[in-house]
Amino acid sequence: RVKSDEKGNVVGMQQINRCIADLALTHKLVVSVADSKYGTEACRKLVSENPNWVHLFRFNSTRNVFAPASIEDNTSGSIKRYGDAMKLNDSTTHRESDEIVQQPITTRSGKTYQLEIKIWRDQLLRGSKQFKGYEHPVTVVQLVAVDANGKSLYKNPLWLGLAGERRNEITALEA
């Protein structure tokens, strides 16, 4: 049970962390998959403590992700860590993706669709003084399924995040 002063998503991530230790999986790649509540700073902090843990979580479409700051951004006295924001629900702010994978998929009923997967590597999420988000980049994945006419099957794309040191070992199709 989750105590009233605890958060269920954090307790769940702590349980996974304990399972990794109890099952002697600290030297093997461990991938966990969860919904958007498991992409919070507290959850990402737990993932960052185990170098072999990769955590895949769904992004809320209103989330902002940031590019790392460029050298040109750091012309003033203080060090700027975060570059331009990419608002997931505003395609005009989307940067060029690092990779695009297209894969045909067939449903149980036999209909064939095209799945387009876009990847942005080493993106940043805001952090805090306790957890510096710029030190723990994430991979952002966008999935869109279209029919033979190029019409999207869903109103909005699916956005996923991959956190953890070994996140780049997960391919677009695996995500």
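Once rounded to the nearest 0.5 Å, the distance linking CG of Asp90 with OG1 of Thr62 reads 12.5 Å. In this structure, CH2 in Trp53 is found 11.5 Å from CG in Leu25, a value given to the nearest 0.5 Å. The CG atom of Leu124 lies 12.5 Å from the CG atom of Asn64; values are rounded to the nearest 0.5 Å. In this structure, CD1 on Ile105 lies 9.0 Å from OG1 on Thr112, to the nearest 0.5 angstrom. One distance of note links CZ of Arg58 with CG of Asp35; it measures 4.5 Å at 0.5 Å rounding. To the nearest 0.5 Å, atom NZ of residue Lys28 and atom CG of residue Leu23 are 10.5 Å apart.
Within 6.0 Å of the NZ atom in Lys7, the count of heavy atoms belonging to other residues, nucleotides or ligands does not exceed 12. Heavy atoms of other residues, nucleotides or ligands lying less than 6.0 angstrom from CD of Glu96 number 12 at most.
Looking at every heavy atom in both residues, Val144 comes nearest to Pro157 through CG2-CB, 3.6 Å. Taking both residues in full, the closest heavy atoms of Ala175 and Leu162 are given as CB-CD1, 4.4 Å, listed atom of the first, atom of the second, then distance. Among all heavy-atom pairs drawn from Ala34 and His55, the shortest one is CB-CE1, 3.7 Å.
Criterion: ILVMFWY side-chain heavy atoms under 4.5 Å apart, direct or through other members. Under it, Val54 and Val30 are not part of a common hydrophobic cluster. No path of Ile, Leu, Val, Met, Phe, Trp and Tyr side chains, each step under 4.5 Å between heavy atoms, connects Tyr134 with Met86, placing them in separate hydrophobic clusters. If you chain together hydrophobic residues whose side chains sit under 4.5 Å apart, Val33 and Leu158 fall into the same group. If you chain together hydrophobic residues whose side chains sit under 4.5 Å apart, Ile16 and Phe57 never meet in one group. In this structure, Leu153 is a member of the same hydrophobic cluster as Val141, with clusters built from ILVMFWY side-chain heavy atoms closer than 4.5 Å.
In this structure a side-chain-to-backbone donor-acceptor pair under 3.5 Å is present from Asp147 to Asn149. No donor-acceptor pair closer than 3.5 Å links the side chain of Asn9 to the backbone N or O of Tyr38. No side-chain donor-acceptor contact under 3.5 Å links Arg63 to the backbone of Asn60. Under the 3.5 Å distance criterion, the side-chain polar atoms of Thr106 are left unmatched by any main-chain donor or acceptor of Gly110. Checking side-chain atoms of His136 against main-chain N and O of Gly164 turns up no donor-acceptor pair under 3.5 Å.
Residues Val2 and Val11 have side chains in contact (heavy-atom distance under 4.5 Å, counting atoms from C-beta outward). Between Glu99 and Arg121, the closest side-chain pair of non-hydrogen atoms falls below 4.5 Å. Taking the side chain as every heavy atom from C-beta outward, Val65 and Leu88 approach each other to under 4.5 Å. Gln142 is not listed as a side-chain neighbour of Ser97, based on a closest heavy-atom distance of 4.5 Å or more. Within the 4.5 Å cutoff, no side-chain heavy atoms of Leu115 are placed close to those of Gln102.
Cation-pi contact between Arg44 and Phe131: absent, since separation from the ring centre below 6.0 Å together with deviation from the ring axis within 45° is not met.
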- Report the C-alpha distance between Thr139 and Gln123 in whole Å, list the side-chain angles of each, state the deciding distance to 0.1 Å, and finish with yes or no for side chain to side chain contact (heavy atoms under 4.5 Å, CB included). CA-CA 6 Å; Thr139 297; Gln123 301 299 295; over 6 Å; no
- Could you walk me through whether Glu135 and Arg81 pass the salt bridge (Lys or Arg N to Asp or Glu O under 4.0 Å) test, one step at a time? CA-CA 9 Å; Glu135 292 178 353; Arg81 308 282 187 189; over 6 Å; no
- Task: Test Lys45 against Glu49 for salt bridge (Lys or Arg N to Asp or Glu O under 4.0 Å), laying out the working first.
- Result: CA-CA 7 Å; Lys45 183 177 188 300; Glu49 295 169 1; 3.2 Å; yes
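Screening Phe59, Trp120, Tyr154 against Trp159 for a ring pair (Phe, Tyr, Trp, His ring centres under 6.0 Å) leaves a single residue, Trp120.
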